[in-house]
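Input: a single structure, listed below in structure tokens.
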Amino acid sequence: MNILFIVKHGDIEHLGIMLLSRILKDAGHTVEIVESIFDKVAARLSHKPFSIIAFSVPTIYAQDYLILNKKIKAQFKVFSIWGGPHPTYVPEVIYEDGVDCVCIGEGEHAFLELANAMESGKPISGISNLWVKDNGIVFKNPLRPLIDNLDTLPFADRELFQENETFHKGKMHVLTSRGCPFECTYCSHPPFNQLYGVSSKKVRRRSVENVILEIRQTCTKARVAFIMFEDDLFASDITWIRRFAEQYSQHVHIPFSCYIRVELVNEEMIGYLKKSGCVTISIGLETANDDLRRRVLNRGMSKQDIIDAARIIKKAGLKLETTNILGIPEGTLQDDIATLHLNWQCHVDYCTVKLLMPYPQTAIREYCLEKGLLAQDHAWSEWHSHIIHTNNKEKLAVENLHKLFAVAVEFPWLWPMIRKMIHYPWGKFYAYIFWLWDGYVSFFRLYPTGLKGFRYGLQKYARILCNVSKGH
């Protein structure tokens with residue numbers, strides 16, 4: 001069975017797709033990837049007979065994928081399956097023209113069962129985790145249990161991206177766990193937990209030995225200069241972290257970054273991360289307004305907790321990255337400016353900043369709908385706010401602050417000028433600044449991957465800036 005994954009960005013590692021690829025290849029199927037540009041997809045489908053095209057769909061790309069999928073289905077006879085966040089929370093996308101199947105929740109076992117059944121000519125309408133459309137009739141199947149022991153899964157098929165010359169040279173992305181016990185209103189974990197029931201709210205974690213083995217095996221096949229642990233909550237279990245520090249420092253010796261909750265930051269935890277080789281820690285700052293953070297975002301830490309956590313991290317000699325959210329419901333431009341000031345106070349090395357995205361099934365979306373704060377005409381975009389603001393001038397200022405936020409954090413002396421700039425409609429120009437600064441800091445400060453990685457980064461951001469210039 002020939003299977004083609006269609007990806008929005010072919011220049012980064014897609015861990016979910018790589019894991020599916022390894023499972024499918026181990027069962028004898030052929031798996032390839034192609035960038036989500038119709039001409040490239042059409043060329044690949046014309047060159048080789050693929051039976052399945054597959055999309056891993058975040059909500060922000062759902063509309064683009066629908067358009068592309070319809071064009072593909074109009075020209076080629078292929079079976080289209082959608083998985084990932086959007087189909088999980090909006091499975092009704094199955095009713096769109098051209099979508100033959102959606103996968104809800106974890107897809108490893110479901111996708112393999114689908115591919116095996118199609119290859120052998122068996123019925124596919126009763127596979128757990130899948131909604132399947134057949135002659136206009138949709139078969140809605142129940143969920144199968146979550147994969148409890150993650151060590152039973154194979155390692156990600158990193159060659160999938162290397163073979164297509166899109167491997168992110170020098171940088172390796174790793175997941176050591178699934179799940180999160182916290183219930184931030186803007187996050188997809190709480191609705192995922194609700195799908196499977198309250199008992200599934202635990203964090204499922206791979207063994208230290210399993211993680212170390214994957215890294216060591218990858219290092220024998222590719223140059224790895226930096227590792228990014230992509231877990232939503234990497235440092236939570238002190239026992240696991242203690243064992244990880246011992247094994248990682250002994251067998252790997254590669255600098256890495258990870259994410260930790262502010263509430264879990266203490267000198268013991270940070271000490272083990274430092275010992276193991278961590279160089280950059282990311283924490284969720286989100287907003288400087290304690291009321292918005294607790295009441296609207298459901299994050300219980302205080303402003304002082306954030307400052308204390310930052311102090312411990314910086315004292316250990318680690319680089320500090322923060323995540324920030326602008327355009328929070330019931331928030332103001334002044335709240336977002338206060339968040340900027342808090343980053344200064346924490347002496348961060350870099351901050352990532354996003355406009356709040358009220359994704360389907362999240363509590364924040366329900367909150368916005370209840371309060372009448374969700375913009376009715378919004379199309380999913382990382383550059384525009386989806387919340388109703390006091391007036392259009394404030395909306396423009398918040399969107400522009402989003403693009404210039406990281407530069408303002410880095411260069412406080414520019415703030416008087418930037419404070420004026422955010423009121424002018426120069427968003428496309430500000431987007432260039434955003435990506436140039438993000439690329440510089442990523443490759444020189446937070447995630448250093450050497451000269452080859454930097455050259456690759458320049459190529460990547462040249463493509464991004466080209467897309468920005470076209471309004472994408």
Side-chain angles (χ1 to χ4, degrees), residues 1-25 27-88 90-122 124-125 127 129-136 138-139 157 159-161 163-164 166:
M1 180 70 63
N2 295 331
I3 301 163
L4 182 64
F5 280 94
I6 299 174
V7 298
K8 187 71 170 181
H9 299 293
D11 52 4
I12 60 175
E13 293 182 296
H14 298 258
L15 289 172
I17 292 175
M18 291 192 297
L19 179 54
L20 288 170
S21 175
R22 174 50 55 209
I23 290 172
L24 291 164
K25 285 182 176 179
H29 302 290
T30 299
V31 181
E32 296 182 15
I33 61 168
V34 65
E35 192 172 1
S36 59
I37 297 173
F38 179 73
D39 289 346
K40 292 185 177 182
V41 177
R44 190 69 64 87
L45 292 174
S46 299
H47 177 72
K48 186 174 184 177
F50 287 91
S51 300
I52 298 175
I53 57 172
F55 298 83
S56 179
V57 189
T59 295
I60 197 168
Y61 297 145
Q63 193 59 39
D64 290 344
Y65 281 159
L66 278 173
I67 294 171
L68 175 61
N69 188 63
K70 288 179 182 178
K71 291 181 67 175
I72 295 170
K73 294 280 288 184
Q75 187 168 333
F76 299 94
K77 188 177 181 180
V78 289
F79 183 89
S80 173
I81 178 171
W82 283 37
H86 191 73
T88 293
V90 191
E92 293 78 13
V93 73
I94 185 71
Y95 294 103
E96 295 284 349
D97 291 341
V99 180
D100 299 309
C101 175
V102 300
C103 179
I104 302 171
E106 293 183 325
E108 289 85 6
H109 295 157
F111 203 145
L112 177 60
E113 187 176 346
L114 172 70
N116 288 343
M118 290 182 65
E119 185 173 49
S120 61
K122 294 180 180 179
I124 62 172
S125 60
I127 299 175
N129 282 41
L130 301 186
W131 285 16
V132 183
K133 185 165 58 184
D134 184 14
N135 291 323
V138 175
F139 296 87
D157 176 21
E159 290 81 5
L160 180 68
F161 284 80
E163 290 169 357
N164 288 271
T166 56

May I ask you to decide if Gly107's main-chain N or O and Asn129's side chain share a donor-acceptor pair within less than 3.5 Å? no
With side chains defined as the heavy atoms from C-beta onward, is the minimum distance between His29 and Asn116 less than 4.5 Å? yes
Interatomic distance, OG@Ser80 vs CD@Glu96, rounded to 0.5 Å, equals 11.5 Å
Hits for salt bridge (Lys or Arg N to Asp or Glu O under 4.0 Å) against Asp64, two or more places apart or cross-chain, chain-then-number order -> Lys8
Of all heavy-atom pairs linking Ala62 and Trp82, the shortest is O-CH2, 3.7 Å
The ring-ring contact (aromatic ring centres under 6.0 Å, His included) partners of Trp131 (sequence neighbours excluded) come to none
Hits for side chain to side chain donor-acceptor pair (under 3.5 Å) against Thr59, two or more places apart or cross-chain, chain-then-number order -> His86
For a 4.5 angstrom cut-off between non-hydrogen side-chain atoms, does Phe79 reach Ser51? no
Next on the checklist: Tell me whether the count of non-hydrogen atoms from other residues, nucleotides or ligands lying under 6.0 Å of NZ in Lys71 goes above 12.
Outcome noted: no
Check your understanding: Side chains of Ile52 and Ile81: does their closest heavy-atom pair fall under 4.5 Å?
Key -> yes
With sequence neighbours left out, the residues meeting side chain to side chain donor-acceptor pair (under 3.5 Å) with Ser21 are Asp157
Smallest heavy-atom separation, Cys103 atom then Ala110 atom, equals SG-CB, 4.3 Å
Distance col, row Ser120:OG vs Met1:CE, nearest 0.5 angstrom, shows 8.0 Å
Do the side chains of Val93 and Leu66 get nearer than 4.5 Å, heavy atoms only?
yes
Would you say that His109 contacts Leu112 through its side chain, given a criterion of any heavy-atom pair below 4.5 Å between the two side chains? no
Quick one: are Asn69 and Ile53 in side-chain contact, heavy atoms under 4.5 Å?
-> yes
Hey, are the side chains of Glu32 and Val34 touching, using non-hydrogen atoms and a 4.5 Å cut-off?
no
Discussion item. Quick one, Lys48 with Leu4, criterion side-chain contact (heavy atoms from CB on, under 4.5 Å). Give me CA distance, side-chain angles, the key distance, then yes/no.
Written reply: CA-CA 10 Å; Lys48 186 174 184 177; Leu4 182 64; over 6 Å; no
message: In terms of relative ring orientation, are Phe161 and His14 parallel, tilted or perpendicular, with 30° and 60° separating the classes?
response: parallel
Residues at least two apart in sequence or cross-chain that pass side chain to side chain donor-acceptor pair (under 3.5 Å) with Glu113, listed by chain then number, are Arg144
Scanning both residues in full, the closest heavy-atom pair of Gly105 with Thr88 reads N-OG1, 3.1 Å
dist Ile6:CD1 -> Leu68:CG (nearest 0.5 Å) comes out at 5.5 Å
*asked:* Between Arg44 (side chain only) and Ile33 (backbone N and O only), is there a donor and an acceptor less than 3.5 Å apart?
replied: yes
Across all chains, not counting sequence neighbours, the side chain to side chain donor-acceptor pair (under 3.5 Å) partners of Lys73 are Asp100
| said: In the structure I gave you, are the side-chain heavy atoms of Ser125 and Asp134 within less than 4.5 Å of one another anywhere? | reply: no
CD1 (Ile60) and OH (Tyr65) are apart, to the nearest 0.5 Å, by 11.0 Å
Counting only N and O atoms by type, is there a donor-acceptor contact under 3.5 Å from the side chain of Lys133 to the main-chain atoms of Val99? yes
Taken to the nearest 0.5 Å, the spacing of Phe50 CZ from Thr30 OG1 works out to 8.0 Å
Scanning both residues in full, the closest heavy-atom pair of Ala42 with Phe76 reads O-CZ, 3.6 Å
What do the steps show when you test Ser56 against Phe5 for side-chain contact (heavy atoms from CB on, under 4.5 Å), and what is the final call? CA-CA 8 Å; Ser56 179; Phe5 280 94; 5.8 Å; no
Residues Leu19 and Glu108: closest non-hydrogen pair is CD2-OE2, 3.4 Å
Minimal heavy-atom distance between Lys25 and Leu160, with the atoms involved, is NZ-CD1, 4.4 Å
When rounded to the nearest 0.5 Å, the distance separating CZ of Phe111 from SG of Cys101 is 8.5 Å
